Amino acid sequence: MNKPIIAIDGPAGAGKSTIAQMVADRLGYLYIDTGAMYRAVALMVIREGIPLSEHGKIAALTSRLDIKFEFVDGIQHIFADGEDVSDAIRSPEATRLSSPVSAIQGVRKRLVELQRRMGEEGGVVMEGRDIATVVFPNAEVKVFLTASVTERARRRAEQMHQMGIEADVNQIAEEIRERDLRDSSRQHAPLRMAQGATLLETDNMTIEQVVDAVIAIHNEKTADPESAEG
Ligand code: DC
């Protein structure tokens, strides 16, 4: 039997990356950040100066782009055509463009194919917006992670503060609201909770509590019924 797939979906800033990475470490599974893949495409669109309205060109760019994840000093990095773009994809421009770029059907088709190939062997924690609804609807473990806009904006501002960047929490909240709306109202694979997913509202939970909750769901879903009967 294949090892399980853990699908974690949710809106921007809900802590999916942190949680998914920690769950993967604890279980010895592979962690795959699908948002980073959409961001990598957005970065290349910016660099090549392709107008956002040119869906065909953006889809063609996605098809020829070689996207890979590799470990560098124990941390997962993303490579686009051999270049480490892990930092560049976090720029405000790439962040802003990643949302409209991810709404292009040709982009999603190609990236979903890649994601299915990366996860087909199981033993992965994959996080994004449509993992349990589209990419792996049969994933053994499905979690929908969310928190209020206020809490997500507060966490993001704190993160930026730690990096030495002062940010206006109200402006961050506004950007989060906009991105939520765009990601959940788009035509192709909008953000929504999958059937059979467990909802985790994390406003009043610590990171450790959320990780424990996901691992508990994993253990429950993957428990061998025969040995339980024993
Ligand atoms: O999770 P993130 O902020 O890195 O994602 C960047 C953008 O990509 C975000 O606007 C939503 C989109 N995305 C998506 O449409 N589907 C995914 N599976 C992951 C991300």
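Just so you know, these numbers use all the heavy atoms, side chains as well, and skip hydrogens, waters and symmetry mates. Both counts, for ligands and for their atoms, begin at 1 and track the order of listing. Since we're looking at a predicted model, the values are computed, not measured. Index from 1, following the sequence.
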> Arg129 and Asp180: salt bridge (charged side-chain N to carboxylate O under 4.0 Å, His left out), yes or no, with the steps?
Replying inline: CA-CA 10 Å; Arg129 303 292 191 287; Asp180 278 1; over 6 Å; no
>> Apply salt bridge (charged side-chain N to carboxylate O under 4.0 Å, His left out) to residues Glu83 and Lys68 and explain how you reach the verdict.
In response: CA-CA 10 Å; Glu83 178 194 342; Lys68 282 203 181 82; over 6 Å; no
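Looking only at protein heavy atoms, the nearest one to atom 16 (N) of ligand 1 is Arg108 NH2, 3.0 Å. Atom 12 (C) of ligand 1 has its closest protein heavy atom at Ser102 OG, 3.5 Å. Protein heavy atom in closest approach to atom 1 (O) of ligand 1: Arg129 NH1, 2.9 Å. In terms of protein heavy-atom proximity, atom 4 (O) of ligand 1 is nearest to Arg39 NE, 2.6 Å. Remark: minimum distance from atom 19 (C) of ligand 1 to any protein heavy atom is reached at Thr34 OG1, 3.3 Å. Shortest contact from atom 8 (O) of ligand 1 to any protein heavy atom: Tyr38 CB, 3.6 Å. What sits closest to atom 6 (C) of ligand 1 on the protein, heavy atoms only, is Ser98 OG, 3.5 Å.
Proximity to Asp130 (heavy-atom distance under 4.0 Å) selects the following atoms of ligand 1: 16 (N), 17 (C), 18 (N). If you number the atoms of ligand 1 from 1 as listed, the ones under 4.0 Å from a heavy atom of Ser99 come out as 10 (O). Atoms of ligand 1 lying under 4.0 Å from any heavy atom of Asp183, numbered from 1 in the order shown and given with element: 9 (C), 10 (O), 11 (C). Listed by atom number, the atoms of ligand 1 under 4.0 Å from Arg179 heavy atoms are 3 (O), 6 (C), 9 (C), 10 (O).
Arg186 counts as a contact of ligand 1, since one of its heavy atoms falls under 4.0 Å from the ligand.
Distance alone, capped at 3.5 Å, places no donor-acceptor pair between the Asp84 side chain and the Phe79 backbone. Ser99 places no side-chain N or O within 3.5 Å of a backbone atom of Arg96 that could act as its donor or acceptor partner.
In terms of heavy-atom proximity, Ile8 sits nearest to Ile131 at O-CG1, 4.3 Å.
Comment: Glu151 engages Arg155 in a salt bridge, judged by a side-chain N to carboxylate O separation of less than 4.0 angstrom.
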Pairs of donor and acceptor atoms involving the side chains of residues 12-22, under 3.5 Å and at least two apart or interchain, shall be tabulated with distances.
residue: Lys16; atom: NZ; partner: Gly10; partner atom: O; Å: 3.0
residue: Lys16; atom: NZ; partner: Pro11; partner atom: O; Å: 2.9
residue: Ser17; atom: OG; partner: Glu127; partner atom: OE2; Å: 2.8

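Listed by chain and number, the residues in a side chain to side chain donor-acceptor pair (under 3.5 Å) with Asp25 amount to none (sequence neighbours excluded).
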